[in-house]
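Take a look at the structure below.
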Amino acid sequence: MAQEAGRPEQGSTLKAPAFAYAKPASLAQAFELLARPDAKVLAGGQSLIPSLNMRLSAPELLVDITGIPGLSGISVQGSTVKVGALTTHAQLEKSETIQRHVPLLAQAVPHVAHAAIRNRGTLGGSLALADPAAEYPAVAVALEALVCIEGKKGKRTVNAKDFFKGLFETDLKPGELLTAVEFPAAKAGDKSVFVELARRHGDYAIVGLARHNERFVYFGVGSMPFRLQGISIQDSIEKAKQILSQTLEPTADLYNSSQTKRHLAGVLLERAWNA
C-alpha cells in the first residue's frame, strides 16, 4: 500500500526507541547507574517521554529516581524554603508554605501547562531540562535560588544565575542529580510579580517575566533566562523601557518575530512595574 502523502508510515512515529530501565532505591544506586554511558534520569517524565516518542532523545538506560526517599517535600529552614526535586507542580500549587513564603513561585505554577501535567511533572525535572520557554528557571534566577546538586564526589550548591548555561544546558555534570532547590523566604516589603503572554492558557509563553524587587528576569526570549540589568525602581518606566529596547534581542520563533517579542516584553515590563 502506498504511503499517504505527508503522513509517516504506521508505527514510525510516536514510539520511543528501545531502552533499558532501572529504578534505584537510593542515591548511591542512582549514581552508579548514571555513571553508565547514555544513561538519562526519569523523574516526572512530562518532558522526557514526549522527546523519546518523537525520537529527539535516545538513551540506552532510563534511571527512574521516583522511588528514592528524601527527594520530595517542602520545608522551611530558617530564612530558606527548601523544595525537593521530586516535588510536583501540583504540590507546589496547593502548598500554603509556598504561597506564603515564595509568592513568586506560587504565581508561576498555575501557568505551567495543564492540570494533568502538573500532577506528574516536577520542579527538579523542569529546572534540569532548562527549557528556555519554561517558567521555573526565570523564577529561580529572579529569586537567586540555590540549586542543590549531589553526585558520587559529594554535594554542592549553585546559584540559579550560574546554573543555566545555554539552550537545554546546565551546570550538572555527568552522574550528578539535582536533589533540591533552596528559595529565600519572602521578607516584609518584598515585591514579587509573575506575568506571561501565551496564545492559550497552558501553552508555552510567547514572552514571560518574573520580577522580584529590582530583579526582572525574562523567559521565552532566548536560550536561557534573561535578567534585565541597569534598572532601578527609582527610575521611570520610560527609562526602564529604553534600557529594555537597547539590551534585549529576543529570538524569533515560528509565530513571532524578534520585534514582536521585544514589544510584548515592554508590555510585560510595564505590567510588572505597576503591579
Side-chain angles (χ1 to χ4, degrees), residues 13-16 23 40-54 56-57 62 64-68 71-75 81-143 145 160 168 178-181 183 186 192-212 217-220 225 253-256 264 268 271-272 275:
T13 60
L14 297 180
K15 183 177 181 180
K23 191 170 185 178
K40 201 168 188 66
V41 174
L42 173 65
Q46 298 308 293
S47 299
L48 177 60
I49 298 304
S51 71
L52 291 175
N53 290 338
M54 296 175 68
L56 298 175
S57 181
L62 284 188
D64 185 347
I65 64 172
T66 57
I68 299 176
L71 292 185
S72 63
I74 302 166
S75 62
V81 178
K82 188 171 184 177
V83 183
L86 293 182
T87 305
T88 66
H89 310 310
Q91 290 170 329
L92 292 171
E93 190 172 18
K94 297 173 183 176
S95 170
E96 293 183 1
T97 299
I98 295 299
Q99 293 174 13
R100 179 179 180 184
H101 296 291
V102 198
L104 183 60
L105 181 59
Q107 292 178 49
V109 176
H111 294 275
V112 177
H114 302 282
I117 290 177
R118 293 199 293 273
N119 285 334
R120 294 285 298 173
T122 63
L123 172 69
S126 177
L127 293 176
L129 180 64
D131 189 324
E135 290 83 1
Y136 292 165
V139 170
V141 173
L143 292 173
F168 299 110
L178 191 164
T179 56
V181 184
F183 296 96
S192 294
V193 182
F194 184 91
V195 287
E196 71 171 50
L197 293 170
R199 297 177 68 194
R200 296 170 299 185
H201 182 76
D203 285 359
Y204 278 118
I206 301 170
V207 178
L209 175 60
R211 174 198 176 179
H212 183 69
V217 182
Y218 283 93
F219 60 98
D253 57 34
L254 291 174
Y255 305 102
N256 302 280
L264 295 178
L268 293 186
R271 291 183 183 180

Smallest separation among heavy atoms of [X] and [Y], with atom names:
X	Y	result
Val181	Ala145	CG1-CB, 3.9 Å
Val217	Val141	CG2-CG1, 3.9 Å
Ala140	Leu127	CB-CD2, 4.4 Å
Leu268	Val207	CD1-O, 3.4 Å
Pro137	Asp131	CG-O, 4.2 Å
Ala142	Ala210	CB-O, 3.8 Å

Anything under 30° is parallel, anything over 60° is perpendicular, the rest tilted; go ahead and classify His201 against His114.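 Perpendicular, since the angle between the ring planes exceeds 60°.
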Can you find a pair of side-chain heavy atoms, one from [X] and one from [Y], that are under 4.5 Å apart?
X	Y	answer
Val81	Leu105	no
Phe183	Leu104	no
Ile74	Leu92	yes

Once rounded to the nearest 0.5 Å, what's the spacing between atom [atom1] of [X] and atom [atom2] of [Y]?
X	Y	atom1	atom2	answer
Leu209	Leu197	CG	CG	10.0 Å
Thr97	Lys82	OG1	NZ	15.5 Å
Lys23	Thr66	NZ	OG1	4.0 Å
Leu42	Asp64	CG	CG	4.5 Å
Ser72	Leu123	OG	CG	11.5 Å

Val109 and side chain to side chain contact (heavy atoms under 4.5 Å, CB included): which partner among Glu135, Gln91, Arg118?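 Single side chain to side chain contact (heavy atoms under 4.5 Å, CB included) partner of Val109 among Glu135, Gln91, Arg118: Arg118.
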Mark yes or no for whether Gln107, through its side chain, and Phe194, through its backbone, hold a donor-acceptor pair below 3.5 Å.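 Yes: the side chain of Gln107 pairs with the backbone of Phe194.
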Thr122 backbone acceptor or donor facing Thr88 side chain under 3.5 Å: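 Looks like no, no N/O pair under 3.5 Å.
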When the aromatic ring centroids of His89 and Tyr136 are compared, is their separation below 6.0 Å?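 When the ring centroids of His89 and Tyr136 are compared, they turn out to be within the sub-6.0 Å range.
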